There are 2 protein chains.
Amino acid sequence: MKDTRSDLVRLIKSGYCAPRIAGIAKRLRQPATTIHYNIKQMEREKVIRTYKAVFDYKKIDEGFCTYVLISLAPEEYADPERIAKELAKFEEVESVDVITGGWEIIVKIRTENIEAYYGFMRTVLTRRGIAKTTSLNSMRQLKSEFVEF
Amino acid sequence: MKDTRSDLVRLIKSGYCAPRIAGIAKRLRQPATTIHYNIKQMEREKVIRTYKAVFDYKKIDEGFCTYVLISLAPEEYADPERIAKELAKFEEVESVDVITGGWEIIVKIRTENIEAYYGFMRTVLTRRGIAKTTSLNSMRQLKSEFVEF
DNA sequence: ATGCTATTTGAATAATATTCAATATTTAAT
DNA sequence: ATTAAATATTGAATATTATTCAAATAGCAT
């Protein structure tokens, strides 16, 4: 058996999907061409960024979810985006925001389990510029990516 | 002009999309029927929960993004999910998690602006059971829903 | 090796997206 | 209010894509 599944997951995690125009048209009781026109317009204007799949993350070995609050070292205050951009590159990272409040960055991370998270933490969240981290572990996810569980 | 757009946004925000099998097949250099078989399997097994659109949220009047750390009142400790579930119902809420650490719940909220957020905060985040909230405003989003900006 | 089950695949069909041209609606200027 | 220009809606025709089906192949347990 080929391992098609992980390739598939990787692709549809952030793209390779499309709107179901016929279904939308039926639901909104409008001609498919009208729906098509409006959606293409939103795509052209970049209102829609992409289409993607949402997973049951436990079933794709990303069941362990953590929010990490990051305090930067003073020398990074001038440009918190530098580190934020670096963090965004990792596939384990679902989201990265530069924030106000007691911390500079919040990152949402999905790994298989606590060991994998510990590994990520040690290799990534200990780099120069990151002064301190606070991990908030998700024990239960009621909603994610606007999708209720 | 009909207001097709907001209907459209509402629908594709959490569904009414599908994988582009032909595109995936070409990319992975595999027959479309093989891709189709594997994807249908993942759908049956509920590995894939749904397909959805990702937006440039500023362009759909959801540009103001906040993470809220919630401390529950002691009488809610036994069942933090009760309140978490309630919060998940609001369309402004992107995600809700019950967490470990200094707070019980973390919520990600998207509103048009700070006034709309204030309104949400006053009506929703002040209900019985919620003892204290800490708002972390997103000043810049580098990644969201696994999609880099 | 044998049989059994799960997966892969190509050919045929069904369904859907897209294009195009015509019509209707909105917008802005006078 | 009238007009002209730009934008949006729509049905019919076409192109593309998903899906079904049957056959072939590969994996697995005994």
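On a predicted model such as this, the values are computed, not experimentally measured, just so you know.
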Inset, instruction - Examine dT9(C): is either OP1 or OP2 under 4.0 Å from a nitrogen or oxygen in the side chain of Thr34(B)? Give yes or no. - result: yes
Inset, instruction - Quickly work out the His36(A) NE2 to dT19(C) P distance and round it to whole Å. - result: 6 Å
Legend entry - Integer-rounded Å distance: dT16(C) C1' and Ile35(A) CD1: 14 Å
Inset, instruction - In whole angstrom, give the distance that lies between atom CD1 of Ile24(B) and atom P of dT19(D). - result: 11 Å
Inset, instruction - For Arg27(A), look at atom CZ and say whether over 12 heavy atoms of other residues, nucleotides or ligands are found less than 6.0 Å away. - result: no
Legend entry - Thr33(A) side-chain proximity, nearest of dT20(D), dT19(C), dT7(C): dT19(C)
Legend entry - Between C1' of dA8(D) and CG of Leu8(B), the distance in whole Å: 14 Å
Inset, instruction - Quickly work out the Ile21(B) CD1 to dT9(C) P distance and round it to whole Å. - result: 15 Å
Legend entry - Candidates dT19(C), dA17(C), dT9(D) - which lies nearest the side chain of Ala22(A): dA17(C)
Legend entry - Pair Glu62(A) + Lys13(A): basic N to acidic O under 4.0 Å: yes
Legend entry - Selected nucleotide, minimal atom distance to Tyr37(A) side chain, candidates dT7(D), dT8(C), dA17(C): dT7(D)
Legend entry - Rounded interatomic separation in angstrom, taking CD1 from Ile39(A) and C1' from dT9(D): 15 Å
Legend entry - Side chain to side chain, Arg127(B) and Glu86(B), heavy atoms closer than 4.5 Å: yes
Inset, instruction - State, without any angle test, whether Tyr117(A) and Ser135(A) hold a side-chain donor-acceptor pair at a distance under 3.5 Å. - result: yes
Legend entry - Below 4.0 Å: OP1/OP2 of dT9(D) and any side-chain N or O of Gln30(A): no
Inset, instruction - Provide, to the nearest angstrom, the distance between the CZ atom belonging to Arg20(A) and the P atom belonging to dA14(C). - result: 21 Å
Legend entry - Rounded interatomic separation in angstrom, taking CG from Asn38(B) and C1' from dT8(C): 9 Å
